[in-house]
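Note: hydrogens, waters and symmetry copies are ignored here, and every other heavy atom, side chains too, is used.
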Amino acid sequence: NKPFVALLLCYVVQAVGIGTMLAGVQYFADHVVGTDGGATFLFAAFVGPALLVMSLWSGIGRRHGKLRSLVAASLIFAAGALLLLAAPGLPPIAVYLIVAVIGVGYAGQQVFAMAMLPDCIAYDTERTGRRQAGVFTGVWTAGETFGLALGPGLYALILQIFGYVSSSTGEAAVQDDTARLGVLLGFTVVPALLVGAAVVLLRAYRDGAR
């Protein structure tokens, strides 16, 4: 099932990017935003818009198609993540607004990826005459779990490469500029590249469904 494989690969790669960003929220809040409760506001800015724009994304999907809308949502996420490179020079409110844009993109990713999965199952049923929804759903869930689990490991690797100093005292250790750069890049560029570049894999979805 070529459409399913293409969609799954895209979704898993994007899950790695999302997992990487989520793993870095506390680090980004402490070392880049630098405000009390920063992590809470970052999570709220990310999830809040996602809940509010679901119906909006559904309307966009009906007008422009699920595939094109998934690509658009992914690129919004990636663009927002790249904008956060400017976070060290921005006031916290501006950072939260950019994160809200990322949340809008994330909402679209979830809406259209989950909407395209049943299409892949229906395509397989038509092609083979067998109903295998449980198999496809199980593989999908396993892939998503794998991607989200890999993200924190990737972020930890980035911190290690950039010399982040762990603390065993319960208080944040002092970090040099290189370590703070690692915190920033792991939260911005890496998720942007993973989420944005993964849309290339969707070309096989379109070709396989023909």
Side-chain angles (χ1 to χ4, degrees), residues 2-25 27-28 32 42-43 45-47 49-50 53-54 56-57 60-61 64-88 90 94-117 120 140 143-159 161-162 181-209:
K2 292 182 179 179
F4 175 75
V5 172
L7 182 63
L8 176 65
L9 289 175
C10 175
Y11 194 70
V12 170
V13 173
Q14 291 190 338
V16 176
I18 294 167
T20 304
M21 176 171 279
L22 292 177
V25 167
Y27 297 92
F28 184 79
V32 178
L42 288 172
F43 273 118
F46 183 77
V47 176
V53 300
M54 289 293 188
L56 176 61
W57 273 123
I60 292 173
H64 298 287
K66 300 173 188 176
L67 180 58
R68 292 177 63 185
S69 300
L70 175 57
V71 171
S74 300
L75 294 180
I76 290 173
F77 182 105
L82 290 177
L83 280 176
L84 280 180
L85 280 171
L90 297 176
V95 174
Y96 301 143
L97 289 175
I98 295 174
V99 172
V101 172
I102 297 172
V104 170
Y106 171 73
Q109 288 176 266
Q110 297 301 302
V111 167
F112 297 115
M114 297 302 293
M116 291 160 69
L117 174 59
C120 293
W140 180 272
E144 180 184 25
T145 303
F146 173 75
L148 291 174
L150 190 60
L154 178 58
Y155 193 83
L157 178 61
I158 294 169
L159 293 184
I161 291 173
F162 281 82
L181 178 62
V183 169
L184 178 64
L185 295 180
F187 191 79
T188 58
V189 174
V190 173
L193 290 177
L194 288 170
V195 171
V199 300
V200 175
L201 298 169
L202 291 173
R203 180 176 181 179
Y205 177 95
R206 182 185 62 235
D207 294 342

Notebook entry, point to check: Going by heavy atoms in the side chains, are Leu83 and Val101 under 4.5 Å from each other?
Noted result: no
Checklist line | Between CG on residue Leu117 and CG on residue Leu8, distance to nearest 0.5 Å | finding: 9.0 Å
Checklist line | Contact check, side chains of Cys120 and Leu7, non-hydrogen atoms, under 4.5 Å | finding: yes
Next item on the list: Dump the intermediate steps for side chain to side chain contact (heavy atoms under 4.5 Å, CB included) on Val95 and Leu42, then the final yes or no.
Entry: CA-CA 8 Å; Val95 174; Leu42 288 172; 4.2 Å; yes
Margin query: Once side-chain hydrogen bond (donor to acceptor under 3.5 Å, both in side chains) is applied, do any residues pair with Gln14, and if so which ones, sequence neighbours excluded?
Written below: Ser74, Gln109
Checklist line | Close side-chain approach of Leu56 to Val104, heavy-atom, < 4.5 Å | finding: no
Note to self: Which heavy atom of Leu90 sits nearest to which heavy atom of Ala94, and what is that distance?
What the structure shows: CB-CB, 4.1 Å
Notebook entry, point to check: About how many Å separate OG1 of Thr20 and CG of Leu185, when rounded to the nearest 0.5 Å?
Noted result: 12.5 Å
Check: Would you say the side-chain atoms of Trp140 pair up with the backbone N or O of Phe4, donor to acceptor, closer than 3.5 Å?
Finding: no
Check: Between Pro88 and Leu184, what is the shortest heavy-atom contact and its length?
Finding: CG-CD2, 3.9 Å
Next item on the list: Starting at CD1 of Ile18, measure out to CG of Leu22 and round the result to the nearest 0.5 Å.
Entry: 7.5 Å
Margin query: With rounding to the nearest 0.5 angstrom, report the CD1 to CG distance, Ile102 to Leu97.
Written below: 11.5 Å
Next item on the list: Indicate the atoms forming the closest heavy-atom contact of Val53 with Ala107, along with that distance.
Entry: CG2-CB, 3.7 Å
Item checked: Phe187 side, atom CZ; Met21 side, atom CE - distance, nearest 0.5 Å -> 4.5 Å
Check: When you look at Val183 and Val32, which way does the side chain to side chain contact (heavy atoms under 4.5 Å, CB included) test go after all the steps?
Finding: CA-CA 8 Å; Val183 169; Val32 178; 4.2 Å; yes
Note to self: Rounded to the nearest 0.5 Å, what separates atom CG in Leu67 from atom CE in Met116?
What the structure shows: 4.5 Å
Next item on the list: Apply ring pair (Phe, Tyr, Trp, His ring centres under 6.0 Å) to Phe46 and list each qualifying residue two or more places apart in sequence or on a separate chain.
Entry: Tyr106
Margin query: Within the structure provided, determine whether Leu194 and Leu154 are in side-chain contact (heavy-atom separation under 4.5 Å).
Written below: yes
Checklist line | Residue pair Tyr27, Tyr155: steps toward the ring pair (Phe, Tyr, Trp, His ring centres under 6.0 Å) verdict | finding: CA-CA 10 Å; Tyr27 297 92; Tyr155 193 83; 5.6 Å; yes
Notebook entry, point to check: Within a strict 4.5 Å, meaning less than it, do heavy atoms of the Met54 and Val111 side chains meet?
Noted result: yes
Note to self: Can you give me the closest heavy-atom contact between Ala198 and Val13, atom names plus distance?
What the structure shows: CB-CG1, 3.8 Å
Checklist line | Least distance between heavy atoms, Arg68 atom then His64 atom | finding: CD-O, 3.5 Å
Item checked: Closest non-hydrogen atom pair, Pro152 against Ala23 -> CA-CB, 3.6 Å
